[in-house]
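Remarks on the structure that follows.
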Amino acid sequence: MAARTPMLPPNPNPNPNLTTTTTTTQTLSPPPQPPPPPQQPGTDMTGICFRDQLWLNTYPLDRNLVFDYFALSPFYDPTCNNEQLRMNNIHPLDEGHLSKMMGTEYVLSEVKEPNLFVIRKQKRDPEKSIPAAMLTYYVLDGSIYQAPQLSNVFASRIGRSLYYISKAFSIASSKLEKVGYVEGESDGAAADVKASKEAIDLKEVKRLDHILASLQRKLGPAPPPPMFPEGYIPPHPSEAENGPETQQGTEPRLPVVDPIINQGPSKRLRTE
């Protein structure tokens, strides 16, 4: 038997010149969007500084190149008028061109080459003849900083003063508590008496006075004082009135005997 060749399936397309193709859906990418405009630097960037040591090793830092160095920092606003002058190959600090433009600009306000450069950011308004100052930056020994605003300086100094004042009061109060505690231990009785005096109520005092007055009315009069012992000579009234200063020159006197205390029989001189 002769081998048969397998038969191919019939072509569904009657036209031999046409060929079948499979189409696939492709996702079209959106057209490229323009890059976003550069963002303006923040108003409070006092916590950071900028320094490019490679640039400093390549170029000298003077009044002609300090603005190019400042433009590399995050403090620089690319929408300022100085950037437009740079694009037109004009020096960015040219006062003649900046005075004719309106908007935000940077000017070099103070220079002490090669250590200190002060750059002020200001805004020109057609309604005002003098530009309004916005922020201040300074380049100190190659490092760029933002100068703090005057209100922030006052707030920081006042907050620091209040902190130290409250700390001093807390230390003083702790010292006083320790002193009072030591004195209370040494003079415990005096402190107890003082505390008891402070705790006395006026109503309680009046009540005690009323009780004592009623008892005094109920009791009889006080008994007469006891008689002087035998041999006791009371001092003369004139001598009693004189003080010890007037009696220094006189003869020494015997001590006065207390009549209440029993001194025993008085001693008499023996006479022959």
Side-chain angles (χ1 to χ4, degrees), residues 27-165 167:
T27 305
L28 299 178
S29 59
Q33 298 180 358
Q39 296 182 359
Q40 297 183 0
T43 57
D44 188 7
M45 302 177 69
T46 55
I48 63 173
C49 69
F50 175 81
R51 183 181 181 88
D52 191 348
Q53 192 62 40
L54 181 62
W55 192 96
L56 295 174
N57 295 335
T58 306
Y59 304 99
L61 190 60
D62 54 10
R63 64 175 64 241
N64 295 322
L65 297 177
V66 66
F67 190 83
D68 295 335
Y69 180 59
F70 178 76
L72 301 175
S73 67
F75 307 108
Y76 181 67
D77 185 4
T79 61
C80 61
N81 298 333
N82 308 85
E83 185 66 21
Q84 298 180 15
L85 296 180
R86 293 179 66 187
M87 295 173 63
N88 296 328
N89 296 327
I90 303 175
H91 196 276
L93 298 178
D94 191 354
E95 288 289 341
H97 290 81
L98 290 175
S99 60
K100 299 176 182 178
M101 304 174 70
M102 298 298 166
T104 306
E105 63 184 17
Y106 294 93
V107 294
L108 195 62
S109 61
E110 186 176 352
V111 177
K112 290 184 179 180
E113 293 181 343
N115 304 107
L116 179 64
F117 302 88
V118 180
I119 300 175
R120 185 175 68 249
K121 183 180 181 180
Q122 59 187 14
K123 185 176 182 180
R124 289 186 180 273
D125 193 349
E127 299 179 357
K128 298 179 181 179
S129 58
I130 300 176
M134 300 174 63
L135 294 172
T136 304
Y137 306 91
Y138 60 95
V139 183
L140 181 62
D141 295 332
S143 299
I144 305 176
Y145 305 89
Q146 177 183 346
Q149 297 184 2
L150 189 60
S151 59
N152 297 337
V153 173
F154 284 159
S156 176
R157 297 293 177 86
I158 292 173
R160 184 177 299 179
S161 301
L162 292 176
Y163 167 75
Y164 284 115
I165 290 173
K167 186 176 180 181

### Closest non-hydrogen atom pair between C49 and F75, with its separation
CA-CZ, 4.4 Å
### Message
Looking at every non-hydrogen atom in both residues, tell me the closest pair between D52 and Y69 and how far apart they are.
### Response
N-OH, 3.0 Å
### Query
With sequence neighbours left out, what residues match K112 under side-chain contact (heavy atoms from CB on, under 4.5 Å)?
E110, L116
#### Entry: Taking every non-hydrogen atom, the tightest pair across P92 and F67
CG-CD2, 3.3 Å
### Task
Might you work through the side chain to side chain contact (heavy atoms under 4.5 Å, CB included) test for F117 and I144, ending with a clear yes or no?
CA-CA 9 Å; F117 302 88; I144 305 176; over 6 Å; no
### Query
Under 4.5 Å between any side-chain heavy atoms of D68 and R86, yes or no?
yes
### Query
Distance from K121 atom NZ to M134 atom CE, nearest 0.5 Å?
4.5 Å
### Heavy atoms from other residues, nucleotides or ligands near CG of L162 exceed 12 (cutoff 6.0 Å)
yes
### Task
Show your reasoning for whether side chain to side chain contact (heavy atoms under 4.5 Å, CB included) applies to L135 and Q149.
CA-CA 8 Å; L135 294 172; Q149 297 184 2; 3.4 Å; yes
### Message
If you define the side chain from C-beta out and look only at heavy atoms, does anything of Y106 sit under 4.5 Å from Y137?
### Response
yes
### Query
How long is the gap from CG on L108 to CG on N64, to the nearest 0.5 Å?
10.0 Å
### Message
Ignoring hydrogens, what is the shortest heavy-atom contact between S109 and I119? Give both atom names and the distance.
### Response
OG-N, 4.4 Å
### Query
CD1/I165 to OH/Y163 distance, rounded to the nearest 0.5 angstrom?
13.0 Å
### Donor + acceptor pair across side chains of Q84, N88 (<3.5 Å)
no
### Message
Between S156 and V153 (side chain of the first, backbone of the second, donor and acceptor by atom type, cut-off under 3.5 Å), is there such a pair?
### Response
no
### Task
Verify, without hydrogens or angle tests, whether N82 (side chain) and L85 (backbone) share a donor-acceptor contact under 3.5 angstrom.
no
Identify all side-chain donor-acceptor contacts of residues 97-105 below 3.5 Å with residues at least two apart in sequence or on another chain.
from	atom 1	to	atom 2	distance (Å)
H97	ND1	D94	OD2	2.8
S99	OG	E95	O	3.0
S99	OG	G96	O	3.1
E105	OE1	R124	NE	3.0
E105	OE2	Q122	NE2	2.7
E105	OE2	R124	NE	2.7
E105	OE2	R124	NH2	3.3

## Note on the structure
Minimal heavy-atom distance between I48 and P74, with the atoms involved, is CD1-CG, 4.2 Å
#### Entry: Heavy-atom closest contact (R51 atom, S143 atom, distance)
NH1-OG, 3.2 Å
#### Entry: Flag side-chain contact, heavy atom, 4.5 Å: E83 against T79
no
### Message
Against V118, only a single residue in V139, T136, L140, V107 fulfils side-chain contact (heavy atoms from CB on, under 4.5 Å); can you say which?
### Response
T136
